[in-house]
Structures are given as C-alpha cells and as structure tokens.
There are 2 protein chains.
Amino acid sequence: MTSPAQARLPEFLEKMEWELDRVMTFWLQYSHDNVNGGFFTCLGRDGKQYDDLKYCWLQGRQVWMYCKMYNTTPKYHTPEVLAAAKKGGDFLMRHVKNPATGKCNFLVTADGRVVKIQRKIFSECFYMMAMCELARATKDDKYKQEAIKMMDQLQYWVCVDDTGIGRPQARTNMLSEGMIFLDLVEQLTADDATLQEKYAQLEEWSIKQSLQHIQRDGSAILETVSVDGKELPGSAGRLTNPGHAIETGWFLLRCARKYSNIGLTKLALDKFITKPFQSGWDLDNGGLFSFLDVDGLSPTQLEWNMKLWWPHCEALIAFIMAYQETKEDRFLDMFEKVFDYTFSKFIDPDHGEWFGYLSQEGNVTLDFKGGPYKGCYHVPRCLLMCTQILKTILQGN
Amino acid sequence: MTSPAQARLPEFLEKMEWELDRVMTFWLQYSHDNVNGGFFTCLGRDGKQYDDLKYCWLQGRQVWMYCKMYNTTPKYHTPEVLAAAKKGGDFLMRHVKNPATGKCNFLVTADGRVVKIQRKIFSECFYMMAMCELARATKDDKYKQEAIKMMDQLQYWVCVDDTGIGRPQARTNMLSEGMIFLDLVEQLTADDATLQEKYAQLEEWSIKQSLQHIQRDGSAILETVSVDGKELPGSAGRLTNPGHAIETGWFLLRCARKYSNIGLTKLALDKFITKPFQSGWDLDNGGLFSFLDVDGLSPTQLEWNMKLWWPHCEALIAFIMAYQETKEDRFLDMFEKVFDYTFSKFIDPDHGEWFGYLSQEGNVTLDFKGGPYKGCYHVPRCLLMCTQILKTILQGN
C-alpha cells in the first residue's frame with residue numbers, strides 16, 4: 001500500500017528540481033565578480049548587492065557547489081559554471097590563504113585585502129573542499145595537491161597542535177569539528193583509494209569525535225563535550241544544536257553505508273537524526289529551533305528560537321537518505337513535515353533563492369538571500385542531493 | 001501648567017527607587033562567590049545559578065556598581081557591600097588581568113582560570129572603572145594607581161598602537177570606543193584636578209571620535225566610520241545602534257554641562273539622543289530596535305529586531321538628563337514613553353531584576369536575569385542616576 005507521503009514522491013522531486021534551477025539561476029545571475037573573480041554573496045532579497053565584502057567560508061562553498069553541479073549535472077556542465085568556479089578557486093589561492101601560515105582569512109575586500117581572521121578552522125575547511133572539487137572539475141592536479149596540503153594542515157591543527165590557529169580557549173570536543181572532518185574525508189577520498197587509506201585514521205577519529213557527543217544515556221547530542229567525551233558543566237555543556245546533530249547524522253549515515261556498518265547506521269538514524277529532530281521541532285509553530293538547552297533552560301544565544309534555513313536543508317537530506325536506506329515510512333513522514341514547512345516558509349516566490357532567517361512564529365525577519373553565513377551552499381546542496389536520492393527511489397532502486 | 005508627564009514625576013521616582021532596591025537585593029542575594037571572590041552572573045529567572053563561569057566585563061561592572069552604591073547611597077554604605085566589592089576587585093587583579101601584557105581575560109572559570117580572551121578592549125575598560133570606583137570606596141591608593149595604569153595602557157592601545165590587542169581588522173572608528181572613553185575619563189578624573197589635566201587631551205579625542213559618527217547630513221549616528229570620519233561602504237558602514245547612540249548622547253551631555261559647552265549640548269540632544277530615538281523606536285510594537293540599517297535594508301545581525309533591556313536603560317537616563325538640562329516637555333514625554341514600555345515589559349514581578357531580551361513584539365524570549373552580557377550594571381546604574389536626577393528636579397533645582 002502506498003502511504004500519503006509515498007504518493008507525494010513525484011511532487012517532492014518536481015518541486016525540488018524546479019527550486020534547484022531557480023536557486024542556481026539566482027547565483028549565476030547576481031553573484032559573479034567579473035573584475036576580481038570570486039563571488040559577491042551579500043545579496044538582498046532581489047539579488048541586489050548590499051555589500052561587496054567577501055566572506056571566505058562562502059567563497060569556498062560556492063566554488064565547491066559550482067564544481068559539484070558541473071561534475072554531476074549535465075545542465076550545469078557548462079563553460080560558464082566552470083569558469084566562475086576556477087576564478088573563485090584562484091581568488092581563494094591568491095587572497096584567502098596565507099601561504100606562510102596556512103591560515104585562511106574570514107573576510108576580505110572585493111579585491112582580496114584582509115579584513116578579518118577568525119580563530120577557527122572553517123575558512124580552511126571550505127578552502128579544502130573547494131580545491132578538492134575543483135580538481136575533479138578541471139582535472140588539474142595543482143588543485144588536488146592544494147587540497148591535500150590543506151587537509152594535512154587541518155589534521156595537524158586538530159589532532160596534534162592547534163597553536164597555529166591562535167585559539168586561546170581550553171580544548172574541548174566541538175561537534176562542528178568532528179562533523180566537518182567526516183565530510184572533508186569523504187570529499188577528498190571518495191574516488192581515490194590511496195587517499196582513502198591515507199586518511200582512514202582521520203576518518204576513524206572523526207567518527208569517534210562525533211559519537212562522543214551522544215550524552216544523557218543516549219537521549220541527546222550535546223554540541224560541546226570534554227576531550228575525553230564527558231558532559232561539560234554550564235550552559236555550553238548543555239547546549240544542543242538540532243541542525244548540527246542532524247547534519248552529523250547524515251554524514252555518519254553516508255559513512256556507515258560505505259562500510260556496511262549496521263551499528264553505526266543505527267546510531268546515526270536513532271541518536272543523530274531522529275532524537276534531535278523530535279526534541280528540536282517546535283510543536284507550536286513548526287520548524288527547527290536553532291539552539292536548545294538540554295535541561296529546558298534558556299539558551300544564552302539570542303537567536304535560539306529563530307528558524308534558520310540550513311537546519312531544514314540538513315533535515316531534508318537526512319530524512320530522504322534515511323528513508324532510502326531503511327524504507328521506513330516514519331522517515332518519509334518526517335521528510336514530508338520538513339518539506340511542507342520549508343517550502344511554505346523559506347521560498348521566495350518573487351525573486352528566487354530562499355529566505356534564511358525566520359522568527360519563532362515563522363515570519364521572515366532578515367530578508368536577504370546571501371549574508372555573512374548564507375551563500376550558495378546549503379540550499380543547492382540539499383536540493384541536488386534530495387533530487388538525486390528521490391530519482392533513485394522513484395526508479396525503484 | 002503641569003503636563004501629564006510632569007504630574008507623574010513623583011510616581012517615576014517612587015517606582016524607580018523601589019526597583020533599585022529590588023534589583024540590588026537580587027544581586028546581593030544570589031551573585032556572591034564566597035569561595036573565590038567575584039560574582040556569579042549567570043543567574044536564571046529566579047536567581048538560580050545556571051553556569052559558574054565568570055564573564056569579566058560583568059565582574060568589573062559589578063565592582064563598579066557596588067562601589068557607586070556604597071559611595072552615593074547611605075542605605076548601601078554597608079560593610080557587606082564594600083567587602084563584596086573588594087573581593088571582586090581582588091579577583092579582577094588576580095585572575096582577570098595578565099600582568100605581563102595588561103590584557104584582560106573575557107571569560108574565566110569560577111576560580112579564575114582563563115577560558116577566553118577577546119581581541120577587544122572592553123574587559124580592560126571595565127577593569128579600569130572597577131579600580132577607579134573601588135579607590136573611592138576604600139580610599140586605598142593601590143586601586144587608584146591600578147586604574148591609572150590601565151587607563152594609560154588603554155590610551156596607548158587606541159591612540160598609538162593597537163597591536164597588543166591582537167586585532168587583525170583594519171582600523172576603523174567604532175562608536176563604542178569613543179563613547180566608552182568619554183565615560184572612563186569622567187570616572188577617573190571627576191574629583192581630581194591633576195588627573196583632569198592629564199587626561200584632557202584624551203577627553204577631547206573621545207569627543208572628536210564620537211562626533212565623527214554624525215553622518216548623512218546630521219540625520220544619523222552611524223556605528224562605525226572610517227578613521228577620518230567618513231561613511232564606510234557596505235552593511236557595517238550603514239549600521240546604526242540606537243542604544244549606543246543614545247548612551248553616547250548622555251555621556252556627551254554630561255561632558256558638555258561640565259564645560260558649559262552649548263554647542264556640544266545641542267549636538268548631544270539633537271543628534272545623539274533625539275534623532276536615534278525617533279528612528280530607533282518601533283512604532284508598531286513599542287521599544288527600541290537593537291540595530292537598524294540607515295537605508296532601511298535588513299541588518300545582518302540576527303537580533304536586530306529584538307528589544308534589549310540596556311538601550312531602554314540608556315534612554316531613560318538620557319531623557320531625564322535632557323529634561324533636567326532643558327526643562328523641555330518633549331524630553332519628559334519621551335522619558336514617559338520609554339518608562340511605560342520598560343516598566344511594563346522588562347520587570348519581573350515575581351523574582352526581581354529585569355528580563356533582558358524581548359522579541360520584536362515585546363515577549364520575553366530569554367528569561368535569565370544575568371548572562372554573558374547582562375549583569376549588575378545597566379539596570380541599577382539607570383535606576384540610581386534617574387532617581388538622583390528625579391529628586392533634584394522634584395526639589396526644584
């Protein structure tokens with residue numbers, strides 16, 4: 001028997017394909033810096049640029065996304081997409097990475113002068129991802145070597161000595177780090193057995209780091225734990241980020257499938273995808289909260305109750321992947337719930353791309369399409385992956 | 001003839017005196033760390049501690065506030081208040097300041113081990129203020145010398161060379177810096193002619209820095225301008241923070257009164273207090289927005305539309321001071337408007353102290369009384385200053 005959600009599978013696919021085109025069209029139309037290379041990502045509701053500063057996470061992410069589209073989707077396998085990605089990659093190499101230290105900038109001017117450097121590793125992570133996918137798109141080995149060099153630098157910082165990052169904090173295990181390394185390893189090694197072997201230990205480390213966040217007798221994924229995997233005291237120790245947990249969930253699920261690891265599959269589905277969704281979903285208004293305190297206290301993050309676009313993108317990927325893996329209706333039902341919320345709240349019917357920031361009640365409170373942390377990444381990645389998986393499901397595979 | 005707002009002056013005074021006692025009682029009851037000295041400031045709605053980390057801005061601010069109460073208010077001129085302030089001051093000297101560099105920590109553990117250091121100067125500013133007022137309370141010169149030493153260090157960083165702060169950003173003129181130096185100079189030099197002379201140049205610098213933020217033909221106070229006082233491009237250049245502008249307004253007004261400077265008085269009243277209030281007040285829901293883009297675009301700060309406690313505290317001080325100075329009803333009317341909003345929205349009738357964070361519609365969204373940026377400072381400073389001024393007004397002076 002076909003469930004109501006199963007009956008909607010073709011609708012989901014059709015709407016997501018349509019959106020993917022609208023979203024890519026938006027970035028292709030409004031974001032290219034034809035003078036300096038790279039991308040303008042501070043774009044208003046109608047695509048108009050409201051700032052020409054370049055947030056470097058988003059530079060790396062857009063290069064990656066363009067290359068991914070180029071490499072996987074015939075419609076986007078065009079000289080225009082490739083040229084923009086290459087110019088973006090060259091901008092990253094020239095203006096984002098400091099060749100002496102390996103550190104990447106966080107924010108630069110349109111022509112690449114440094115404005116801000118974070119004491120974090122994410123500019124570097126997205127630099128690595130950009131180089132890695134650009135190597136596949138161009139078949140140019142210099143990008144691959146650059147990706148490997150950055151990966152080794154990152155591995156050194158997080159596994160050996162992080163003084164180069166300039167972090168003054170006491171070391172903790174942050175979910176974002178284990179999580180992103182799961183993805184980095186997958187990106188870099190997917191089609192290269194030698195690299196897969198080289199980074200096997202790092203992959204194991206990433207899995208172990210991620211699983212340490214399962215706390216409270218398995219009922220919660222805590223965002224930050226001690227380096228030996230214990231709950232930390234205070235607000236920071238009790239903090240949960242449903243979107244991060246769910247994103248880690250599908251990274252772990254993808255990894256578990258690769259090794260046919262049933263135990264890891266179960267942990268990914270139960271602990272990282274299902275439970276954080278159940279506790280993170282706003283029963284009154286719909287949508288995923290940005291942060292919650294596991295004891296129900298008030299988080300100290302002012303935006304804790306806002307509904308951001310990216311956790312919903314991650315949830316869509318996680319649930320369709322979970323459904324594909326298990327064929328269990330409950331995952332498709334959760335997908336349907338997130339799909340209906342997302343497609344009714346985040347989409348802008350007038351100008352394309354999605355809104356990023358809603359109030360708890362689901363009203364748009366910041367109406368730009370690109371900003372310091374929102375670029376050409378979560379939405380098209382979600383739509384690309386979901387359409388790929390939906391096609392496979394509908395073909396009965 | 002007595003206006004409706006004038007008729008309410010005794011009511012304003014009575015309610016503010018009552019609140020001042022409730023607020024001070026809250027901190028005296030819940031915040032003292034009797035083991036290590038200093039203050040617990042992560043306190044829930046009912047005063048219960050939800051984190052024992054110590055945010056150092058708030059350590060300095062609470063020492064200052066306790067000393068100010070001790071020095072000005074007979075009811076709080078008690079050994080208990082003084083002892084807590086001294087223990088707080090000693091905690092600051094032992095655990096917050098790095099004696100080798102002069103840099104202060106941003107966040108430390110309950111027993112004073114460093115957790116986080118900011119690349120900003122505000123921990124140092126509040127350290128200076130604490131030492132300065134502690135010297136007055138104790139008559140102990142060591143605190144005064146410590147205050148002067150930190151003031152000189154701060155002056156060097158902002159006027160000569162800021163490499164010691166570790167800021168990677170290109171230099172700009174941030175309103176927060178000129179503004180806080182206006183207050184620091186006033187705090188340190190108020191009763192010392194020698195110091196007044198020593199820091200006269202710094203005071204002039206602070207005024208000049210602040211006035212450079214008057215932009216757009218005098219219609220707006222922009223939060224960040226170039227070092228030569230020009231509007232900067234992009235979001236950061238268009239950003240306004242009504243609370244900061246208004247706070248700077250009363251710092252300037254106080255300074256202008258000291259020198260009977262009519263031109264500066266007018267600038268403070270018109271440009272810093274009146275206009276930012278008019279553009280920053282939410283006509284639909286009441287309350288001051290946290291951030292606005294001067295061109296009406298969406299700010300990139302997620303909390304731009306939230307109503308925070310401190311801008312309302314600053315507006316109350318600014319308007320009652322403006323009314324005292326000018327006797328113009330319009331300022332008392334604005335005071336009344338902010339008073340009614342503040343006293344109906346921020347006060348917690350059940351547990352004392354004020355809520356800090358409301359949604360655009362005026363609902364409490366984070367219910368703690370103390371957090372990373374909210375401690376024993378803005379509310380009691382506002383209530384102390386307003387009651388002092390209201391008394392003077394009611395006595396017909």
dist A/Asn305:CG -> B/Tyr357:OH (nearest 0.5 Å) comes out at 13.5 Å
Under a 4.5 Å heavy-atom criterion, the part of residues 361-370 of chain B in contact with chain A comprises B/Thr365, B/Leu366, B/Asp367, B/Phe368
Looking only at A/Gly44, A/Pro299, A/Cys42, the option with the highest number of non-hydrogen pairs under 4.5 Å against chain B is A/Pro299
Most contact-rich option vs chain B, by heavy-atom pairs under 4.5 angstrom, among A/Arg238, A/Gln360, A/Arg45, is A/Arg238
Rounded to the nearest 0.5 Å, the CG atom of B/Leu302 sits from the CG atom of A/Leu308 at a distance of 6.0 Å
The interface call for A/Gln301 against chain B, heavy-atom contacts under 4.5 Å, is backbone
Between the CG atom in B/Asp295 and the OH atom in A/Tyr50, the distance rounded to the nearest 0.5 Å is 13.5 Å
Scanning both residues in full, the closest heavy-atom pair of A/Gln118 with B/Arg119 reads CA-NH2, 4.3 Å
